[in-house]
Number of protein chains: 2
Amino acid sequence: MNSVEELRFLVLAAQREGNRILLDLLRPLGVSPSQAEVIRVLADHGPLSLVDLGALLVCETGSPSRLVDGLVAASLVERMPAVDDRRRVILSLTDAGREKEVSIREVEATLHGFIEQSLTTAEIASVNATLHKFVSGRPAGIAVAKRSATPGQRRYAPST
Amino acid sequence: MNSVEELRFLVLAAQREGNRILLDLLRPLGVSPSQAEVIRVLADHGPLSLVDLGALLVCETGSPSRLVDGLVAASLVERMPAVDDRRRVILSLTDAGREKEVSIREVEATLHGFIEQSLTTAEIASVNATLHKFVSGRPAGIAVAKRSATPGQRRYAPST
DNA sequence: ATTTTATTAATGACATGTTATTCAATAACA
DNA sequence: TGTTATTGAATAACATGTCATTAATAAAAT
């Protein structure tokens, strides 16, 4: 197997193994990795329509209707019709959603701890730079860029 | 967003975007990326039982019964009961499967060309080394290691 | 103003990824 | 040998990821 092919499968392997770890860590919270991403994006980027949410998600292309369905059913996300455009729906976290987000951040911190145990800061920065080159310009790359431009760790208490 | 979190999403983004490119390239062949992986593994690693195949796949954990189902339905893979152990099933490529494999290798070469346009050889080697550290010891990492230990490009003509 | 085009969200369809369960066949063991 | 434990494959169930289609609304064009 040449290096490029190995890269393909190592990226796939890293995604799968990371997802499985996250799956295990999130199981007690009753949310999936994709659902956790939605909750984190809604927490960080305020109320969003479905398309705007979709543009910030890495986990899925297109409009994440079904993904949001599950979160609404779990009373973690609220759907509100937009006042100025009745096609649009505005999504925001409920109180329960905001509480869930705190737990999700704790789980993510645990996962990040695991990752930092196997990789050095320099290695992480190097991989980030290279992968960024590959995905830049594509939807998932744009989503990551938009989100990494904003603070992931909340600097102030929630405005609620 | 800190570097570790960015790493998580860049790995996810790279996997998703790469998969979408492969999906498009494979569409004319009528096989999915996962099915293509099965065909490549069967071609390179000879007849295998379902569990042995599963151990070489990165795309899935557990025994890939359903994945193989589709390939058997498409007459690309053959199921044969093992003579010494009637629980086991021996999977091998049909003639059509071997022809399909040739096309799959061409598609992969195209994809690898795309990747090599955005990344240098040194970058690829560096990412590979780092991601390998992360997945080593885990099932998907073991699968990659086993497969990269064998020649991915066929050196001799098929024995058929 | 009316028609046409574009956008938003929802829905259905199909293959995947994961997990748990079931059943047959083999292995281990008393 | 007879019983129990383990293994291999198949199956079912549920949420995902992708794509196509549809209905309602808004925007653009004539």
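Letters A, B, ... mirror the listed sequences (proteins, then strands); counts begin at 1.
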Item checked: Rounded distance (Å) that lies between atom C1' of dG17(C) and atom CG of D69(B) -> 15 Å
Next item on the list: Go through the steps for R40(B) and E5(A) under the test salt bridge (Lys or Arg N to Asp or Glu O under 4.0 Å), then give the verdict.
Entry: CA-CA 12 Å; R40(B) 283 293 321 279; E5(A) 188 169 9; 3.0 Å; yes
Check: Which part of the nucleic acid does S65(B) contact within heavy-atom distance under 4.0 Å: base, sugar-phosphate only, or nothing?
Finding: base
Item checked: Any strand: nucleotide that pairs with dA30(C) via Watson-Crick or wobble, under 3.5 Å -> dT1(D)
Notebook entry, point to check: How many angstroms lie between atom CG of L22(B) and atom OG1 of T110(B), to the nearest 0.5 angstrom?
Noted result: 10.0 Å
Next item on the list: Starting from C1' on dA15(D), measure out to CD on E37(A) and report it in whole angstrom.
Entry: 15 Å
Item checked: Salt bridge D24(B)-R27(B), side-chain N to carboxylate O under 4.0 Å -> yes
Check: In whole Å, what is the span from the CG atom of L91(A) to the P atom of dA10(C)?
Finding: 8 Å
Next item on the list: Can you measure from CZ (R98(B)) to CD1 (I104(B)) and round to the nearest 0.5 angstrom?
Entry: 13.0 Å
Polar atom pairs (N or O), protein with nucleotides 17-20 of chain D, under 3.5 Å:
from    : atom 1 : to     : atom 2 : distance (Å)
dG17(D) : OP1    : R16(B) : NH2    : 2.5
dG17(D) : OP2    : S34(A) : OG     : 3.0
dG17(D) : N7     : R66(A) : NH2    : 2.5
dG17(D) : O6     : R66(A) : NH1    : 2.8
dG17(D) : O6     : R66(A) : NH2    : 3.2
dT18(D) : OP1    : R20(B) : NH1    : 2.6
dT18(D) : OP2    : T61(A) : N      : 3.4
dT18(D) : OP2    : T61(A) : OG1    : 3.4
dT18(D) : OP2    : R20(B) : NH1    : 3.1
dT18(D) : O4     : R66(A) : NH2    : 3.1
dC19(D) : OP1    : R27(B) : NH2    : 3.3

Item checked: Euclidean distance, L71(B) CG relative to S34(B) OG, rounded to 0.5 Å -> 10.0 Å
Note to self: How would you summarise protein contacts on nucleotides 21-27 of chain C per nucleotide, using B for base, S for sugar-phosphate only and - for none, with heavy-atom distances below 4.0 Å?
What the structure shows: ----BS-
Checklist line | Contact under 4.0 Å: S32(B) side-chain N or O vs dT16(C) OP1/OP2 | finding: yes
Check: Does R20(B) have any salt bridge (Lys or Arg N to Asp or Glu O under 4.0 Å) partners at least two apart in sequence or in another chain, and if so, which?
Finding: E17(B)
Margin query: Please evaluate residues V127(A) and L119(A) with respect to the criterion side chain to side chain contact (heavy atoms under 4.5 Å, CB included), reporting the C-alpha separation (whole Å), side-chain torsions for both, the decisive distance (0.1 Å), and the verdict.
Written below: CA-CA 10 Å; V127(A) 170; L119(A) 305 181; over 6 Å; no
Item checked: Protein-nucleotide distance (D52(A), atom CG; dT8(C), atom P), rounded to Å -> 8 Å
Next item on the list: Specify the separation, in whole Å, of atom CG of L50(B) and atom C1' of dT11(D).
Entry: 13 Å
Notebook entry, point to check: Are the side chain of N128(B) and the backbone of L10(A) linked by a donor-acceptor contact shorter than 3.5 Å?
Noted result: no
Next item on the list: Examine dT16(D): is either OP1 or OP2 under 4.0 Å from a nitrogen or oxygen in the side chain of Q35(A)? Give yes or no.
Entry: yes
Notebook entry, point to check: Between dG17(C) atom C1' and L22(A) atom CG, what is the distance in whole Å?
Noted result: 15 Å
Note to self: Whether the H45(A) and R147(A) side chains hold a donor-acceptor pair (N or O, under 3.5 Å, no angle test) is what I'd like checked.
What the structure shows: no
Check: Between M80(A) (CE) and dT8(C) (P), how many Å, whole number?
Finding: 18 Å
Check: Tell me: CD of E17(A) to P of dG17(C), nearest whole Å?
Finding: 14 Å
